[in-house]
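One-based numbering, in listed order, for ligands and for the atoms of each.
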Amino acid sequence: MAVAQGVTAFHAPGRVNLIGEHTDYNGGFVLPAALSLGCTISVSPAQAGKLVLKSKQMPGTVEVDIASILDAQPRKHWSDYVIGVAREIASLGFVIEPATLEIDATVPTGSGLSSSAALEVATAFALLNGRPLEKLEIAKLCQRAERNFVGMPCGIMDQYASVFGAAQHAILLDCRELTHQLVPIPDGVELVAVNTMVKHELGSSAYRQRVAECAEALSHFPGKPTLRDVTLGELERTAASIPEIPLARARHIVLECWRVLQFHEAAQAGDLERMGRLFVESHRSLQHDYEVSCEELDYLVDTALTIPGCYGARMTGGGFGGCTVNLIKSSELENFEKAIAARYKERFNIDATIIRCKPSAGAGPVE
Ligand code: ADP
Ligand code: MG
């Protein structure tokens, strides 16, 4: 993208999570890839003492007084993501310079591809405007912004993937250690996201409820800092004393962490069939044990599995709508896209958008 003189710009990608859903806030493993879609913010001068925020995707202009940024209150408005990040940066001792931030994103919002983290991370880069800060600190401050100011008790996956993404690779992230390794995507296969175009209201309240249910499950394992630290054997031995719902949630987390590591092995071996089977097992677990799927997502997964060239399919992101991610043989890509869109239209009378996911680099300045 070309940038006008006197203006600098920063880009941060969205992400598609390949496997490891809802495990991040349990200290577990996740395996996302940064997308070529993301959020770009152009930074230009503004009146002294002001931050001026505009988004091509949202109406209105928001003006913020920098002097009182630490006293700002969330308004349940898109600008909360930006102001939340500005507050965290100011809390680290950086001076927030007056600026106009013009936001323009290509990642669809509210679809499970993390437009929110793309916005947060692009904002952090824009406000730092070249001042150095460790990448991990950037991911963490963006997560704090979403947790503390937006009010969503999220894990670190989205912000971490947006910062540390790498071209042609997914990343295996250990959310307890906050370290990652790159995972090459085998040849001959494409990652395709199919957007249900729905977002059920239940989503954010159910997310909080799952966080609470996981905490309840964890209370049955004294001395374990997170559910990720619970082994399958320990879960089996304790199962009889855990109520049904927290037990099902814990079963999802413990097995999902195991599946991420299995998926990593399968990817290294180029075993597409096994990668696909793990996708499906992950989806079934999210559908039945974690209960964060919905009719539209289940239909897309069940239908994808009947289309030639589909190794596996699963919901991706928090659930209750948004996207599925599909592992598709390259030579069958176009057929698959046509078939899944037609079947979805026939069933729900909705045009699903199809997004070819090209694993891409993490956030940085726009050349
Ligand atoms: P997801 O991260 O899966 O896309 P979220 O519900 O976590 O969904 O975040 C979506 C919210 O992020 C939007 O409702 C909006 O408040 C904010 N947002 C994302 N992208 C933009 C944008 N380009 N401009 C303004 N706000 C945005
Ligand atoms: Mg989000």
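Between F125 and F10, the ring planes lie tilted relative to each other; the angle falls in the 30° to 60° range.
More than 12 heavy atoms of other residues, nucleotides or ligands shown are found within 6.0 angstrom of CD on Q268.
With respect to the salt-bridge test (charged N to carboxylate O, under 4.0 angstrom), the residues R210 and E213 qualify. A salt bridge links E21 with R314: the distance from a Lys NZ or Arg NE/NH1/NH2 to an Asp or Glu carboxylate oxygen falls below 4.0 Å. Of the charged side-chain nitrogens involved, none lies within less than 4.0 Å of a carboxylate oxygen, so that R284 and E281 do not count as a salt-bridged pair.
Hydrophobic cluster membership for F348: V192, V194, M197, V198, Y299, L300, I307, I328, L333, F336, I340, Y344, I350, I354 (Ile, Leu, Val, Met, Phe, Trp, Tyr linked by side-chain heavy atoms under 4.5 Å, directly or transitively).
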Side-chain donor-acceptor pairs under 3.5 Å in residues 130-137, sequence neighbours left out?
unit_1, atom_1, unit_2, atom_2, d
R131, NE, L128, O, 3.1
R131, NH1, V95, O, 2.8
R131, NH2, V95, O, 2.9
R131, NH2, L127, O, 2.9

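Sorted by chain and number, the heavy-atom contacts of ligand 1 below 4.0 Å come from S55, Q57, M58, W78, Y81, I103, A105, P108, T109, G110, S111, G112, L113, S114, S115, S116, L119, K199.
Here the closest heavy-atom approach between residue N195 and residue G322 is recorded as OD1-O, 3.6 Å.
Under the 3.5 Å distance criterion, the side-chain polar atoms of D229 are matched with a main-chain donor or acceptor of T226.
Annotation: protein N, O or S atoms under 2.8 Å of the Mg ion (ligand 2) (waters excluded) comprise S116 OG.
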